[in-house]
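Below is one structure, written out as structure tokens; the observations come after it.
Remember, predicted model here, so these are calculated numbers, not experimental data.
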Protein chains: 2
Amino acid sequence: MSEDDLVAVSQLRSSAMRLARRLRHQRVEESLSPTEMGVLGTLARCGKATPGELARKEHVQPPSMTRIIAMLEEKGLVRREPHPEDRRQVVVSSTEQAEQILNESRRRRNAWLAELAEGLDEDEWERLRAAAPVLYKLAHL
Amino acid sequence: MSEDDLVAVSQLRSSAMRLARRLRHQRVEESLSPTEMGVLGTLARCGKATPGELARKEHVQPPSMTRIIAMLEEKGLVRREPHPEDRRQVVVSSTEQAEQILNESRRRRNAWLAELAEGLDEDEWERLRAAAPVLYKLAHL
DNA sequence: CTACGTCATTACCAAAGCTAAAGAAAATTG
DNA sequence: CAATTTTCTTTAGCTTTGGTAATGACGTAG
């Protein structure tokens with residue numbers, strides 16, 4: 001791995017952590033934490049999942065996921081049904097209302113990030129656009 | 001702003017938050033939180049700074065920064081001196097030991113991220129390398 | 001020189017995740 | 001097929017980390 005690669009990786013790390021902290025302040029639904037939003041996003045992508053699966057996908061411990069799901073259910077954003085074959089497990093799925101919140105959140109944060117990105121020139125923005133899918137893949141690897 | 005731009009921004013947001021959460025688990029110095037690391041990084045870049053400046057740069061409230069600095073001072077990673085002109089203020093600077101920890105942390109997280117990046121092909125990695133400085137600029141804007 | 005603003009700090013509080021352990025159900029083994 | 005072990009979720013209690021409100025010291029403007 002070259003020196004340039006190391007620099008890139010370091011910048012990537014620093015940027016991700018800093019952006020995450022700043023994005024945290026831009027939530028549309030004040031009562032929903034970033035991880036709760038992440039769960040809704042995962043459910044929107046995957047349809048259904050068990051608490052254990054969600055915990056693994058969100059890199060959180062199972063007890064934390066249990067509480068997050070309880071919160072979300074209480075707010076009507078998520079449904080819990082018994083697993084058809086395994087009575088230990090539970091199947092979680094998101095509701096229509098969750099989809100609306102996701103859309104609104106996306107809109108709002110896009111606006112914030114877009115405004116921030118006005119400090120970039122066209123070439124820089126182009127590089128970001130080219131790398132965005134790669135970043136996404138990396139983060140979900 | 002085009003549809004592609006919106007997608008890019010959305011991917012950026014999701015990726016940053018997810019990567020940040022995963023990086024959080026890769027700390028070399030277990031006793032140092034991500035924000036504490038961020039402060040050391042900022043001090044390494046800027047030399048000296050007052051608590052207020054650091055709070056603004058790290059997007060944290062002043063009382064939180066006071067506590068972070070107290071922690072870091074207790075561990076010998078940071079020095080506090082009176083401000084030469086303004087006796088209300090304090091000037092914080094990092095120690096040699098902090099520099100060592102930063103290097104070790106950089107090495108360790110680079111290794112983790114590099115390993116993760118092995119799931120990317122050469123073209124993807126190239127795009128990331130091109131975008132890394134832009135991301136860094138964006139995050140610090 | 002008095003009143004107001006600013007900086008750091010202190011004291012208290014809330015959010016969010018973790019570990020340990022319990023309880024139920026499935027899988028495995030003798 | 002009974003007993004043990006494993007797996008999945010949940011409960012309970014703790015820790016970390018950041019926030020808000022209030023305080024005290026210092027600078028600054030009227």
Side-chain angles (χ1 to χ4, degrees), chain A residues 17-18 20-27 29-43 48-75 77-93, chain B residues 17-27 29-40 42-43 48-75 77-93:
Chain A
M17 297 185 68
R18 197 171 193 108
R21 191 163 53 237
R22 299 178 66 180
L23 279 164
R24 191 175 295 252
H25 289 290
Q26 298 302 320
R27 20 187 182 177
E29 181 61 57
E30 280 305 320
S31 54
L32 249 48
S33 77
T35 304
E36 287 169 336
M37 289 297 297
V39 170
L40 293 186
T42 298
L43 285 176
K48 299 171 178 305
T50 68
E53 285 167 356
L54 287 171
R56 279 188 292 276
K57 287 189 197 217
E58 298 299 318
H59 295 93
V60 152
Q61 294 303 308
S64 302
M65 188 50 68
T66 290
R67 245 205 344 198
I68 290 168
I69 291 169
M71 280 281 196
L72 292 174
E73 189 181 27
E74 196 175 312
K75 288 171 185 154
L77 303 177
V78 134
R79 264 187 297 272
R80 294 169 70 248
E81 311 163 55
H83 193 286
E85 294 142 21
D86 187 337
R87 280 185 294 173
R88 293 171 302 179
Q89 300 190 57
V90 171
V91 176
V92 182
S93 57
Chain B
M17 299 185 67
R18 198 172 193 106
L19 274 182
R21 192 163 52 237
R22 298 179 68 181
L23 278 165
R24 191 174 294 254
H25 290 290
Q26 298 302 319
R27 16 185 184 178
E29 180 62 55
E30 281 304 321
S31 54
L32 248 49
S33 78
T35 304
E36 287 169 335
M37 288 297 297
V39 171
L40 294 186
T42 298
L43 285 176
K48 299 171 178 306
T50 68
E53 286 168 356
L54 287 171
R56 279 189 293 276
K57 287 189 197 216
E58 298 299 317
H59 295 95
V60 152
Q61 295 302 309
S64 302
M65 187 51 67
T66 292
R67 243 202 348 200
I68 290 168
I69 291 169
M71 280 280 196
L72 291 174
E73 189 181 28
E74 196 175 312
K75 286 169 186 156
L77 303 176
V78 134
R79 264 186 298 272
R80 293 169 70 248
E81 311 163 53
H83 192 286
E85 294 141 23
D86 188 338
R87 279 184 297 172
R88 292 171 304 178
Q89 299 189 56
V90 170
V91 176
V92 182
S93 56

Partner residues of A/E53 under the salt bridge (charged side-chain N to carboxylate O under 4.0 Å, His left out) criterion, sequence neighbours left out: none

Mind checking salt bridge (charged side-chain N to carboxylate O under 4.0 Å, His left out) for A/E81 and listing every partner two or more places apart, or none if nothing turns up? A/K48

Does the side chain of A/T35 get closer than 4.0 angstrom to OP1 or OP2 of C/dA16 through an N or O atom? no

Respond yes when some side-chain nitrogen or oxygen of B/T50 is under 4.0 Å from OP1 or OP2 of C/dA8, and no when none is. yes

Rounded at 0.5 Å granularity, tell me how far CD in B/E58 sits from CD in B/E36. 11.0 Å

Nearest heavy-atom pair of B/L77 and B/L40: which atoms, and what distance? O-CD2, 4.1 Å

When every non-hydrogen atom of B/V92 is compared with those of B/L43, the smallest separation belongs to O-CD2, 3.6 Å

Non-neighbouring partners of A/R79 that pass side chain to side chain contact (heavy atoms under 4.5 Å, CB included), sequence neighbours left out: A/S93, A/T95

Please enumerate all protein N or O atoms sitting under 3.5 Å from an N or O of nucleotides 26-29 of chain D, with distances to 0.1 Å.
residue, atom, partner, partner atom, Å
D/dG27, OP1, B/R87, N, 3.0
D/dG27, OP2, B/R87, NH2, 3.4

Side-chain donor-acceptor distances from residues 59-68 of chain A under 3.5 Å, at least two apart:
residue, atom, partner, partner atom, Å
A/H59, ND1, A/K57, O, 3.4
A/H59, NE2, B/R22, NE, 3.4
A/T66, OG1, A/P62, O, 3.3

Could you list by number each residue of residues 53-75 of chain A showing a heavy-atom separation from DNA chain D of less than 4.0 Å, or answer none if no residue does? A/P62, A/P63, A/T66

Distance check needed: D/dT17 C1' versus B/E36 CD, whole Å only. 9 Å

Would you please name every residue forming a side chain to side chain donor-acceptor pair (under 3.5 Å) with B/R88, sequence neighbours left out? B/D86

